[in-house]
Amino acid sequence: MAALAASRRLLLLLLRPEPEPCLRSRALNPYSAGRARRAGGVRRAPPLVSCRRGFSDEGGAYAAKSNAPDEQFLRLSLDEGEGDGVVRGISKSVVKDAKKSAIELLAVRAFSVSELRKKLCAKNYSVDTVDTVIADFKARGLLNDSYYAESFSRSRWQSSTWGPRRIKQALRQKGVPDAEVDQATRSVFQDDRGDEDQASHGLSEASMDHLLAQAAKQWVRGSSLPLEKRRARIVRWLQYRGFSWGVTNSIIRKLEAQHPP
């Protein structure tokens with residue numbers, strides 16, 4: 001009986017399928033070659049990463065904020081539908097190669113749908129192939145213009161003090177639809193309280209306070225200038241960042257009240 005049980009276990013081990021390997025692309029790990037050169041050694045081949053779980057639906061394309069690639073992209077499966085069959089007139093191997101290119105691009109930074117489409121078309125993939133990849137990535141949550149627009153808007157507002165007008169212009173240049181653009185800027189610059197600042201300037205009280213704090217730093221830096229030149233300096237600073245004249249005039253009045261000559 002013991003020998004029979006042992007033979008059954010051996011048979012199960014022999015019949016158990018091996019994990020499907022997926023070679024990690026060089027573009028997904030931009031630092032490996034540099035580290036090897038600095039160390040003076042020979043760069044070893046990257047380890048195999050199991051891709052059996054396939055794509056994740058958690059929208060990891062928008063979480064890749066650091067220079068290192070998001071772990072999700074290292075788990076993406078490119079082995080679905082092996083062989084060189086044809087689906088809707090497109091070679092499966094071509095679609096697989098296009099998906100790999102898209103993953104390498106998204107591992108570096110987030111893209112809008114229009115941006116990624118242009119990048120793939122620039123690599124000479126056919127329109128049908130690109131449409132297939134885009135549709136697949138959108139269905140899996142790897143491409144979402146709404147999430148992209150809100151993330152981009154919040155980042156530019158917090159890091160560079162861009163206003164709604166400049167953010168909208170940038171997003172439209174990236175091919176984001178107007179509906180997603182408007183929703184993203186409302187989400188960043190407005191809230192549900194509907195205070196006086198929001199009603200008159202389109203910015204919530206919290207947004208106006210943040211803008212005033214950033215403008216005050218510029219006001220103090222120009223303390224050696226005459227009052228008119230200080231005003232002109234703040235006007236240029238606010239207008240360049242995409243704020244309306246109403247917001248600009250309100251900020252200047254508050255600055256002059258806080259810092260009387």
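Numbers here are sequence positions counted from 1.
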Do any N or O atoms from the side chain of [X] and from the backbone of [Y] form a donor-acceptor pair under 3.5 angstrom?
{"X": "Arg230", "Y": "Trp219", "answer": "yes"}
{"X": "Arg233", "Y": "Gln218", "answer": "yes"}
{"X": "Ser155", "Y": "Phe152", "answer": "no"}
{"X": "Ser223", "Y": "Val220", "answer": "yes"}
{"X": "Arg241", "Y": "Gly163", "answer": "no"}
{"X": "Ser207", "Y": "Leu203", "answer": "no"}

Over 12 non-hydrogen atoms of neighbours within 6.0 angstrom of NZ in Lys119 =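 Counting neighbours around NZ of Lys119, 12 or fewer heavy atoms of other residues, nucleotides or ligands fall under 6.0 Å, so no.
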Using only heavy-atom distances, determine whether the side chains of [X] and [Y] contain a donor-acceptor pair under 3.5 Å.
{"X": "Gln183", "Y": "Ser146", "result": "no"}
{"X": "Ser187", "Y": "Glu150", "result": "yes"}
{"X": "Arg166", "Y": "Gln169", "result": "no"}
{"X": "Ser93", "Y": "Ser91", "result": "yes"}

What's the verdict on salt bridge (charged side-chain N to carboxylate O under 4.0 Å, His left out) for Asp145 and Lys174, showing C-alpha distance, side-chain angles and the deciding distance?
-> CA-CA 10 Å; Asp145 274 347; Lys174 293 175 177 293; over 6 Å; no
In sequence, state the C-alpha distance, the side-chain angles, and the governing distance for Arg231 and Glu228, and then conclude on salt bridge (charged side-chain N to carboxylate O under 4.0 Å, His left out).
-> CA-CA 5 Å; Arg231 288 175 180 166; Glu228 289 301 321; 2.7 Å; yes
Are Leu255 and Leu227 grouped together when hydrophobic residues (ILVMFWY) are joined by side-chain heavy atoms under 4.5 angstrom apart?
->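 Yes: a chain of side-chain contacts under 4.5 Å links Leu255 to Leu227.
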Test side chain to side chain donor-acceptor pair (under 3.5 Å) applied to Asn124 - qualifying residues, sequence neighbours left out =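 By the side chain to side chain donor-acceptor pair (under 3.5 Å) rule, Asn124 matches no residue at all.
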Might you work through the side chain to side chain contact (heavy atoms under 4.5 Å, CB included) test for Leu106 and Phe137, ending with a clear yes or no?
-> CA-CA 11 Å; Leu106 289 171; Phe137 277 30; 3.8 Å; yes
Check: Ser114 and Val176 side chains under 4.5 Å, non-hydrogen atoms |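 With C-beta onward as the side chain, the pair stays apart.
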Please test Lys168 against Asp178 for salt bridge (charged side-chain N to carboxylate O under 4.0 Å, His left out), starting from the C-alpha separation and ending with a verdict.
-> CA-CA 8 Å; Lys168 287 181 178 181; Asp178 287 343; over 6 Å; no
Row check, Phe111 ring normal vs Arg109 NZ/CZ: under 6.0 Å, within 45° |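 So Arg109 does make the cation-pi contact.
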